[in-house]
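In this text, all values refer to a predicted model and were calculated from it rather than measured experimentally. When a residue number appears, it is its place in the shown sequence, counting from 1.
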Amino acid sequence: MKLPIITVVLASAGFVFAGDTGSMAKGAAASAIVPPVVEKASCLDHSGWFVGGGVDYFFDTEAAYYNGHLGYDFGRKGRFSHALFVEAGWIEYDYSGADLELVPLLLNYKVEMALTESLNFYLGGGVGAAFFDGESAHAKKVDGDDDSGLAWQLFAGLTYCLTDHVELYAGVRYFVTDDFELAGTPVDGIDDFALGGGVRVNF
C-alpha cells in the first residue's frame, strides 16, 4: 500500500510544481512584453530663471522674426505654471522699396497648463516698444530714418519637455506695432500673424 500512496503524493507534487513553473513562465513572459513604466520629464515643475530663442515667420509681412528670451518661472500650482519674461527680437523687411528693420522689446506674461507629463499648452501676451530703422530705396540716409512706437502681442502654443531643463516650443502669435515715419513719410506698422518655434533652457 505504501508504494501507491508515495506514487500519488509524488505525482501531485509534480503537478503543483509544474503549475507554479507555468505561472512563473507566464509572469516572466508578461514582464518581457510589457515594459516598465518610466516617469517622463516635466519642465513645468521648473522654478527659477530660463533663457531661450527661436524664429517666427510673419505671413503678410513675409519676413522672419528672430527672438530671444530671458525670464523667471514661478513654479507649478496644480496643473498650471506662471512666468514673466523679456523678449528682444529683430525683423528685416521690405516696404515699398525701402529696407526696414524693426527691433521689438517686450515684457511678457505666460501661463502653462499640463496636458501630459511632457506636453504643455501655453497662452500669454506682452507689451513694450518697437524701435524702427529705415533706408530709402535709393540707399540714402536722411534725418528721420529712426523712430519708435508701442508694440504688443498675444501668443499661444505647445511646449514639449525633452528633459527637466530643456524644452521645445511651437505656436502662433499676433503682433502689432504703431505706425512709423521714414524721412517724414508715413510707414505702416506691423499688424500680422506668425508661426514659429524654438528652444528654452531652464536653470
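Remark: the backbone N or O of A114 is paired with a side-chain donor or acceptor of R79 at under 3.5 angstrom. Here the side chain of N67 pairs a donor or acceptor atom with the backbone of Y65 at under 3.5 angstrom.
Nearest heavy atoms, A151 versus A129: CB-C, 4.1 Å. Minimum interatomic distance between A194 and D56 (heavy atoms only, all atoms of both residues): CB-CB, 4.0 Å. Across Y93 and A63, no two heavy atoms sit closer than the pair CB-CB, 3.8 Å. Residues G126 and N108 share a closest heavy-atom pair of CA-OD1, 3.1 Å. Of all heavy-atom pairs between T177 and G189, the closest is OG1-CA, 3.3 Å.
In this structure, SG in C161 is found 8.5 Å from CG in D45, a value given to the nearest 0.5 Å. Here NE2 of H69 is found 9.5 Å from CG of L106. Values are rounded to the nearest 0.5 Å. Interatomic distance, F132 CZ to D179 CG, rounded to the nearest 0.5 Å: 10.5 Å. Between the NE2 atom in H46 and the CG atom in D164 there is a gap of 10.0 Å [rounded to 0.5 Å]. Rounded to the nearest 0.5 Å, atoms CG (D73) and CG (N202) are 6.0 Å apart. To the nearest 0.5 Å, atom OG of residue S47 and atom NE2 of residue H82 are 12.0 Å apart.
Using a 4.5 Å heavy-atom cutoff, the side chains of Y169 and N120 are not in contact. Using a 4.5 Å cut-off on side-chain heavy atoms (C-beta onward), S81 and L44 make contact.
Taking the six-membered ring for Trp and the full ring otherwise, the centers of F131 and W90 sit at least 6.0 Å from each other.
The hydrophobic cluster containing L102 does not contain Y57, counting ILVMFWY residues as joined when their side-chain heavy atoms lie under 4.5 angstrom apart, directly or transitively. Cluster annotation: L195 is connected to L154 through the hydrophobic network of ILVMFWY side chains, with a link wherever side-chain heavy atoms come within less than 4.5 Å. Follow the hydrophobic side-chain contacts under 4.5 Å out from L115 and you reach Y160 in the same cluster. L84 and Y122 fall into different hydrophobic clusters, where Ile, Leu, Val, Met, Phe, Trp and Tyr side chains are chained together by heavy-atom contacts under 4.5 Å. The hydrophobic cluster containing L123 also contains L168, counting ILVMFWY residues as joined when their side-chain heavy atoms lie under 4.5 angstrom apart, directly or transitively.
Residues Y174 and D192 bring no donor and acceptor atom of their side chains to less than 3.5 Å of each other.
F175 and F58 have tilted rings, their planes meeting at an angle from 30° to 60° on a 0 to 90° scale.
Under the salt bridge (charged side-chain N to carboxylate O under 4.0 Å, His left out) criterion, D178 pairs with no residue at all, not counting sequence neighbours.
Among Y72, F74, F203, F85, the single residue meeting the ring-ring contact (aromatic ring centres under 6.0 Å, His included) criterion with W49 is Y72.
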Show the numbers, then the answer: is there a salt bridge (charged side-chain N to carboxylate O under 4.0 Å, His left out) between R173 and E87?
CA-CA 13 Å; R173 77 170 78 213; E87 175 184 321; 2.9 Å; yes
